[in-house]
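Below, each value reflects all heavy atoms present in this structure, side chains not excepted, and no hydrogens, waters or symmetry copies.
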Amino acid sequence: QVTLEESGGGPVQPGGSLTLSCAASGGTFASSPAGWFRQAPGEGQEFVAGIRWADSTPAYADSVKGRFTISRDNTRNTVSLQMNSLKPDDTAVYYCAVSGKYSILFSDYQPTRADDYDYWGQGTQVTVAS
């Protein structure tokens, strides 16, 4: 099974930046859709950003568009999330996810639902506060 591990989370002041990284082991996901989700206390799982392959057009939630950038390095088998201009409502546990569904892999569908993904990291806490 593919194992995902996030890193880079932590406390940050409003307006600051963080870069989250997700490293995959147990397999490669060069052609597998990958994404980031987040969950704030008392809230549901929220799609943040997704990318199907290295040169594809990423998808972003409206709440982070223009501030966050998702990218992937297939050589290193990683996916990253660059977060700029962070706001207190960005505070959440951030999860990296990869889809292993053939129906998604061989389609043009950009998965944005948690159920579209199969492999998940344990999450990394991002806390934006003064």
With a 4.5 Å cut-off on side-chain heavy atoms, are [Y] and [X] touching?
| X | Y | value |
| --- | --- | --- |
| Thr69 | Leu81 | no |
| Val64 | Phe47 | no |
| Ser130 | Pro14 | yes |

Report yes or no: does Arg67 contribute a side-chain atom to a donor-acceptor pair with the main-chain N or O of Ser63 at less than 3.5 Å?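 Looks like yes, one N/O pair under 3.5 Å.
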Backbone N/O of Ser99 and side chain of Asp118: donor-acceptor pair under 3.5 Å: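 It does not hold such a pair.
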Near-ring test Phe37/Trp120, centroid separation under 6.0 angstrom: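 Close enough - the centres of the two rings lie under 6.0 Å apart.
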Return yes if a side-chain donor-acceptor contact under 3.5 Å exists between [X] and [Y], otherwise no.
| X | Y | answer |
| --- | --- | --- |
| Gln82 | Thr19 | yes |
| Asn84 | Ser17 | yes |
| Gln110 | Thr57 | no |

[X] and [Y]: which non-hydrogen atoms are nearest, and at how many Å?
| X | Y | result |
| --- | --- | --- |
| Ile51 | Pro58 | CD1-CG, 4.3 Å |
| Thr78 | Ser21 | CB-OG, 4.4 Å |
| Gly8 | Leu18 | O-CD2, 3.8 Å |
| Val93 | Gly123 | CG1-CA, 3.8 Å |
| Thr91 | Ala40 | O-CB, 3.6 Å |

Has Gln122 got more than 12 heavy atoms of other residues, nucleotides or ligands less than 6.0 Å from its CD?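 No, CD of Gln122 has 12 or fewer neighbouring heavy atoms, counting only those of other groups under 6.0 Å.
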Evaluate whether atom CG of Asp108 has more than 12 neighbouring non-hydrogen atoms of other residues, nucleotides or ligands under 6.0 angstrom away.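 Result for CG/Asp108: open.
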Would a single hydrophobic cluster contain both [Y] and [X], if residues Ile, Leu, Val, Met, Phe, Trp and Tyr are joined by side-chain heavy-atom contacts under 4.5 Å?
| X | Y | answer |
| --- | --- | --- |
| Tyr117 | Trp36 | no |
| Phe68 | Val12 | yes |
| Tyr119 | Tyr95 | no |
| Val2 | Val98 | yes |
| Ile70 | Leu20 | yes |

Gap separating the OG1 atom of Thr124 from the CD atom of Glu5, nearest 0.5 angstrom: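 Nearest 0.5 Å value for the OG1-CD distance: 9.5 Å.
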Say you draw a straight line from OG of Ser107 to CZ of Arg52; how long is it, rounded to the nearest 0.5 Å?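 Spacing of OG (Ser107) from CZ (Arg52) equals 5.0 Å.
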Asp116 bridged to Arg113 by N-O distance under 4.0 Å: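 Salt bridge present between Asp116 and Arg113.
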Any Lys/Arg nitrogen of Asp90 or Arg38 sitting under 4.0 Å from an Asp/Glu carboxylate oxygen of the other?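 Yes, Asp90 and Arg38 are salt-bridged.
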Go through it in stages, so that I can follow the logic: the residues are Met83 and Tyr94, the test is side chain to side chain contact (heavy atoms under 4.5 Å, CB included), and I'd like the CA-CA distance, side-chain angles, deciding distance and then a yes or no. CA-CA 11 Å; Met83 305 185 295; Tyr94 284 72; 3.8 Å; yes
